[in-house]
Amino acid sequence: MNELFRSLGIDSADRADGDLPVVSPIDGSRLARLRTHDEAQVARAIEAAQHAFLAWRSVPAPKRGELVRLFGDELRASKEPLGRLITIETGKILAEGLGEVQEMIDICDFALGLSRQLYGLTMPSERPGHRMMETWHPLGVVGVISAFNFPAAVWAWNAALAVVCGDAVIWKPSEKTPLTALACQAIFEKAARRFAQTAGAAAPAALSQVLVGGRKTGEALVDHPSIALLSATGSTRMGREIGVRVAARLGRCLLELGGNNAMIVAPSADLDLALRAILFSAVGTAGQRCTTLRRLIVHRDVMAKLVPRLKDAYASVSIGNPLEARTLVGPLIDRAAFEHMQSALSAMKTAGARVSGGERMLCERFPDAYYVRPAIVEVDEQDAQVREETFAPILYVLPYEDFDRAIAMQNDVPQGLSSCVFTNDLREAERFLSAAGSDCGIANVNIGPSGAEIGGAFGGEKETGGGREAGSDAWRNYMRRATNTVNHSRELPLAQGISFDAVH
């Protein structure tokens with residue numbers, strides 16, 4: 001383990017004598033004790049970031065893109081050890097840990113191209129001899145608060161775009177996964193040193209920083225007036241608190257919150273395809289993705305064909321140490337997650353639902369870890385428990401007969417992140433994607449709700465927070481827009497035909 005930390009630039013002295021214990025969900029073993037940052041240290045970090053921003057904003061965007069390109073190269077070189085650390089710290093299987101690093105590499109490639117495409121518009125003016133246009137400028141210091149389940153990729157979505165857009169970044173990772181953040185920061189600093197050697201100018205020292213701590217550290221970041229944009233990923237409860245606090249100082253928020261994602265399986269669906277999509281979407285990352293499939297809405301005509309096959313597939317899923325090649329499902333992050341899952345299942349059993357799975361596993365091998373068998377819960381109606389997101393591998397299976405009713409059921413939850421339909425009926429597919437269809441930020445046809453690519457903007461509506469990260473035009477979050485009018489005539493006409501001439 002020490003060799004892994006050294007290869008990723010994490011100093012053993014920095015992880016030995018702090019007040020924050022870090023444990024692996026794989027076996028409950030202690031990985032480190034990190035020193036946390038207090039409010040005064042947060043304030044100093046933000047002040048340093050502000051100075052870094054003032055220098056970095058004047059660097060040409062293509063030159064800023066060169067730093068992100070070098071960061072992507074360093075991530076490629078460190079993909080295996082960083083992916084392994086993600087697995088050790090989160091419990092997700094190694095393939096997913098490596099996939100998360102690949103997602104970081106992909107967003108660096110995207111941001112590099114974007115560095116030459118920060119386009120503004122030119123608009124026709126109603127006034128003769130005038131030109132109107134919009135320009136986009138760096139915003140300031142961006143604060144990022146990330147969740148445990150994607151301890152690196154979500155930061156990279158924000159950081160790669162923010163750095164290319166000319167901003168400085170301060171990252172407060174989940175207190176459950178801070179080692180991954182320290183490794184990412186060390187890799188970024190390595191790229192910055194290469195940038196100084198090849199670009200002819202150094203990147204500001206405080207361009208990217210990591211703050212380790214819990215709620216108080218996060219609150220100090222949220223409340224500071226110099227944080228121009230606060231990007232936060234986590235629960236809806238957290239988002240409500242952050243949104244109010246940032247709004248009180250008239251700051252900007254980018255919120256990526258909960259999801260209660262559904263799949264509709266229509267009579268014409270390719271059931272083999274749907275089965276594969278359900279399995280990955282529902283049990284991948286032990287059900288601890290914001291895009292995890294939580295509700296399966298199946299037409300009654302195919303219910304008897306699909307559900308028994310799904311139960312057989314669940315029974316065949318290998319559960320165990322996520323570092324082992326054959327494992328498909330690792331542990332829950334901690335005991336609190338396990339207890340939350342058991343509470344939800346108990347409530348469903350009391351209500352008369354038919355529950356398969358959900359029990360704790362591997363207790364003798366891993367007494368201090370929380371492995372569970374993914375659960376299938378068959379219900380007849382979508383009650384309050386089903387409408388609440390439980391961050392665990394619980395899949396609710398509900399029947400439907402009318403397609404419009406299935407869409408209404410899918411939309412009848414507070415969250416609006418990801419959704420999908422499996423159908424070979426063109427009319428159903430198009431209706432699902434229409435304004436009268438899914439109300440989610442992500443709507444897919446014949447593909448599951450989980451596993452988004454960075455090319456499209458990621459995020460959702462309603463209690464999911466409305467934020468968008470990664471691809472498309474999400475870069476605009478990290479910049480400020482100015483509308484410019486240039487008068488190249490010798491006259492001074494006013495808009496709307498107003499006459500106001502007091503000079504004779």
Looking at Arg276, I'd like to know if its CZ atom is crowded, meaning that more than 12 non-hydrogen atoms belonging to other residues, nucleotides or ligands lie closer than 6.0 Å.
no
I would like to know whether Ile145 and Thr233 meet side-chain contact (heavy atoms from CB on, under 4.5 Å); could you show each step before the answer?
CA-CA 6 Å; Ile145 297 176; Thr233 301; over 6 Å; no
Centroid separation under 6.0 Å, is that true for the rings of Trp157 and Tyr478?
no
Hydrogens and angles aside, do Ser419 and Ser438 bring a side-chain donor and acceptor to less than 3.5 Å of each other?
yes
May I ask you to check whether Lys79 and Gln102 show a side-chain donor-acceptor distance below 3.5 Å?
yes
Test salt bridge (charged side-chain N to carboxylate O under 4.0 Å, His left out) on Glu175 and Arg215; report intermediate values, then the result.
CA-CA 9 Å; Glu175 59 269 36; Arg215 182 184 179 95; over 6 Å; no
Should the pair Lys63-Glu66 be classified as a salt bridge under the 4.0 Å nitrogen-to-oxygen rule?
no
Between Trp171 and Ser208, is any side-chain donor less than 3.5 angstrom from a side-chain acceptor?
no
For the pair Glu389 and Arg237, find out whether any cationic side-chain nitrogen is under 4.0 Å from an anionic carboxylate oxygen.
no
Is there a donor-acceptor contact under 3.5 Å from the side chain of Arg294 to the main chain of Gly287?
yes
Any carboxylate oxygen within less than 4.0 angstrom of a Lys/Arg side-chain nitrogen, looking at Arg44 and Asp38?
no
Pair Glu89 + Lys176: basic N to acidic O under 4.0 Å:
no
Is a side-chain donor or acceptor of Ser346 paired with a backbone partner of Gln342 at a separation under 3.5 angstrom?
no
Within the supplied structure, the quantity of interest is the number of heavy atoms (other residues, nucleotides, ligands) at a distance under 6.0 Å from Arg335 CZ; does it exceed 12?
no
Short N-O contact, Arg309 and Asp272, less than 4.0 angstrom:
yes
Between Ser231 and Asn158, is any side-chain donor less than 3.5 angstrom from a side-chain acceptor?
yes
Is a salt bridge present between Arg468 and Glu461, judged by a nitrogen-to-oxygen distance below 4.0 Å?
yes
Salt-bridge present (Asp17, Arg35; N to O < 4.0 Å)
yes
